[in-house]
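Have a look at the structure below before the remarks.
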Amino acid sequence: MADIVRSVKGTRDFYPDEMAVRRWMFDIIRDVSTRFGYQEFDGPCLEFIDLYAAKSGEELVKEQAFVFSSPGDDMLTLRPELTPTLARMVAQRQYEIPMPLRWWSIGPFWRYENPQRGRTREFFQWNIDLVGTEAVAADAEIVAVAASFLKETGLSSDQVQIFVNNRRLMDDALSTINIAKELRHDVFKVVDKLDKLSEKEWRAYALEIGLTEGQVDGLLNLVNDQDLFMKSDELVEFFELIKIFGVEDYVTYSPKVIRGLDYYTGTVFEAFELGGASRAILGGGRYDNLVSDVGGNRLPGVGFAMGDVVIELVLRDAGVIPEKLGHKPQVLVTVFDETMLPESLKIAEEIRMAGYRAAVYPEADKLGKQFKYADKLDISVAVILGPDELNENLVAVKNLKTRDQVTIGRSELIKQIEKFLPSLP
RNA sequence: GUGCCUGUAGCUCAAUGGUUAGAGCGCCUCACUGUGGAUGAGGAGGUUGAGGGUUCGACCCCCUUCAGGCACCCCA
C-alpha cells in the first residue's frame, strides 16, 4: 500500500459514486444553460501566461496559478479562470459572432492554494456569460439562470439566496458621504470584508485605508440600508424583471455585496448558503470591457462563475442529492458453467436490446458467489440458466430484493424482468 | 506564504515508556459442489508515514522531514 504513488495534493478522485453526483450536477447545469438559449463552448486548459498578465488580479496569476515552462521554453499556465480565454475567443471573431452572444462552459481549472474544506487545487467551474448588451434585462436573465439552477437542484429559497447590488449605485452613495474617488477601490474592499471581520476589526481596517470616523459611520449606515436600491433606476427595473422571471424568492437586494474584483462596473451578485458557512456559492456581475485588454473593442457583458466544490458541499448539507444516482447494472446474468456461457451471453444481449442494463458474470463460478456479487452491486434482478432450464427452453428469474424466483419460458423473459424492475432509475 | 492539529491493518480507532502492537467493520476460505444479505469456525493483512536522537527498553518523549486536515490570505 505504501508503494502506491499518491494522488497530487488538492486533486480529487471521482469513484463511481462521486462521479454520479458530479454527473447529476453537471446535467442540471447543462439543462438550465441550454434552456435559456445559451450555447456551450470551451477553450484550452493551457494558455500563455501573457493572457492573464493584463487582466486577472495580480495575485491570481503570480501566486495562485500553475505556471511552468514548456519544453519549447514557452511560459504556460494551467488556466486559473475562464474569462481571459473567453475574452480572447470573442476578440478573435468579434465581428463574426452575432451579438449579443450567450455562451456557457464547464471545465477544469487549477489554482495553487492550500486545500481545505470547500477548496481544492483542481476544480470545475461553470461559467455563463451574456455579452454584447447593456440591457438590464440581461443582468436579470443571468441572475435568473443562477436562481433557476439553485431551484432545480432542490435547494429552497430558505437555504440559499442570491444577493444583488450595483457598483454605480454604490459609487453615487459613496459620493454623498464625501468619500474621494481614489479611495473607492479600497472602500469596495472594506465593504467586501464587512461580514468577515468583527465590527472592531472592521472599523480599524476602514480607518487604516484613510476613512474618517464620520465616513465609517456613514458607510455603516449605507450598507445597512435595505432600501438603498430604490435610488437606482437600474436596480428598480432589475427587481421588476426578476419577478417576471419568477425567481424573486431567491433574489434579495443587499448593499453589502460588492465583490472584490475591479472589473465589475454595474450589477454585482453573490449566492450564499443561508445559516451555514458564509462562503459564496457563485458570484458575478456586469463588466464593460470584456475584450479591450486583449485587443478588441469595448464590449459590455454580464456573467457569473460557480465552482463545483462549494456547491456540492451545500447540496450535501441540504440533503438534496438524490440517493440512487449512476448506472449500475439492473440485471445480472449468472453463468452456470463454462458450457453455458454462450447462452448466458445471448440472454444478456436480449435484455440489452429490450433497453435494460445487463451484465454477465464473466466466468463460471459458484452461484452463491455470483449472487453475492450482484448483491454488492445493488443489482435487483438475477437470471439463472442451468442445464435443467436449457433442456426445456426455460429460464429462471430471481428478484434479489424480494427473493421471489420464477421459472418461465425463454420468450417470457423480458416481461418477467419488467415485473421485477419497478421503475427505471 | 503563515499558524494550529493529526499520522498505528483496506476503513474507523485502541494500546501508563515495559512480553509477540489489538478490536470492530471490510476482505478471503469453509459449514453451503443449483441460490445472496444472517450465523458460526478459520485465515490473510503492520518496517506504528520516513529519518535521526534520548533510554536498559519508544507507537508513546525530543529533533528533522514528508503527508493529510483545519484556519488565515485570497477566491469559485
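Below, chain A is the first sequence line, B the second, and so on; all start at residue 1.
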What nucleic acid atoms does [X] come within less than 4.0 Å of, heavy atoms only: base, sugar-phosphate, or nothing?
X	answer
A:Lys398	base
A:Ile311	nothing
A:Glu389	base
A:Asp308	nothing
A:Phe336	base
A:Gln370	nothing

With the criterion being N/O to N/O and under 3.5 Å, what pairs connect the protein with nucleotides 66-68 of chain B, and how long is each?
| from | atom 1 | to | atom 2 | distance (Å) |
| --- | --- | --- | --- | --- |
| B:rG68 | OP2 | A:Lys9 | NZ | 3.4 |

**Message:** Does the structure show A:Tyr373 stacking with B:rG36, if we require the centres to be closer than 5.5 Å and the planes to be within less than 30 degrees of parallel?
**Reply:**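 A:Tyr373 vs B:rG36: stacking no.
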
Rounded to the Å, how far apart are [X] [atom1] and [N] [atom2]?
X	N	atom1	atom2	result
A:Leu313	B:rA76	CG	P	17 Å
A:Gln64	B:rC72	CD	C1'	13 Å
A:Glu270	B:rC74	CD	P	14 Å

Is a side-chain donor-acceptor pair under 3.5 Å present for [Y] with [X]?
X	Y	value
A:Glu389	A:Asn391	no
A:Asp249	A:Ser157	no
A:Thr11	A:Glu122	no
A:Trp110	A:Thr77	no

Could you check which of [options] has an atom nearest any side-chain atom of [X]?
X	options	answer
A:Asn114	B:rC30, B:rC28, B:rU2	B:rU2
A:Glu113	B:rC30, B:rG36, B:rC74	B:rC74
A:Arg119	B:rU2, B:rG34, B:rA76	B:rA76

**Message:** Test your reading of the model: is there a side-chain donor-acceptor pair from A:Glu312 to the backbone of A:Val309, 3.5 Å cut-off?
**Reply:**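 A pair under 3.5 Å: no.
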
**Request:** Take nucleotides 37-43 of chain B nucleotide by nucleotide from the 5' end and write B, S or -, depending on whether a protein heavy atom sits under 4.0 Å from the base, only from the sugar-phosphate, or from neither.
**Result:** B------

Between [M] and [N] - [atom1] atom distance, rounded Å:
N	M	atom1	value
B:rA50	B:rG68	C1'	15 Å
B:rU6	B:rC60	C1'	15 Å
B:rC13	B:rU8	C1'	9 Å
B:rA23	B:rA44	P	13 Å

**Message:** With salt bridge (Lys or Arg N to Asp or Glu O under 4.0 Å) as the test, pick out the partner of A:Glu113 among A:Lys9, A:Arg119, A:Arg121.
**Reply:** A:Arg119

**Pair pattern of RNA chain B in dot-bracket, where unpaired bases get dots and | marks partners in another strand, Watson-Crick or G-U under 3.5 angstrom** = (((((((..((((....[...)))).(((((.......))))).....(((((..]....))))))))))))....

**Request:** Please say whether more than 12 non-hydrogen atoms of neighbouring residues, nucleotides or ligands are located less than 6.0 Å from NZ in A:Lys401.
**Result:** yes

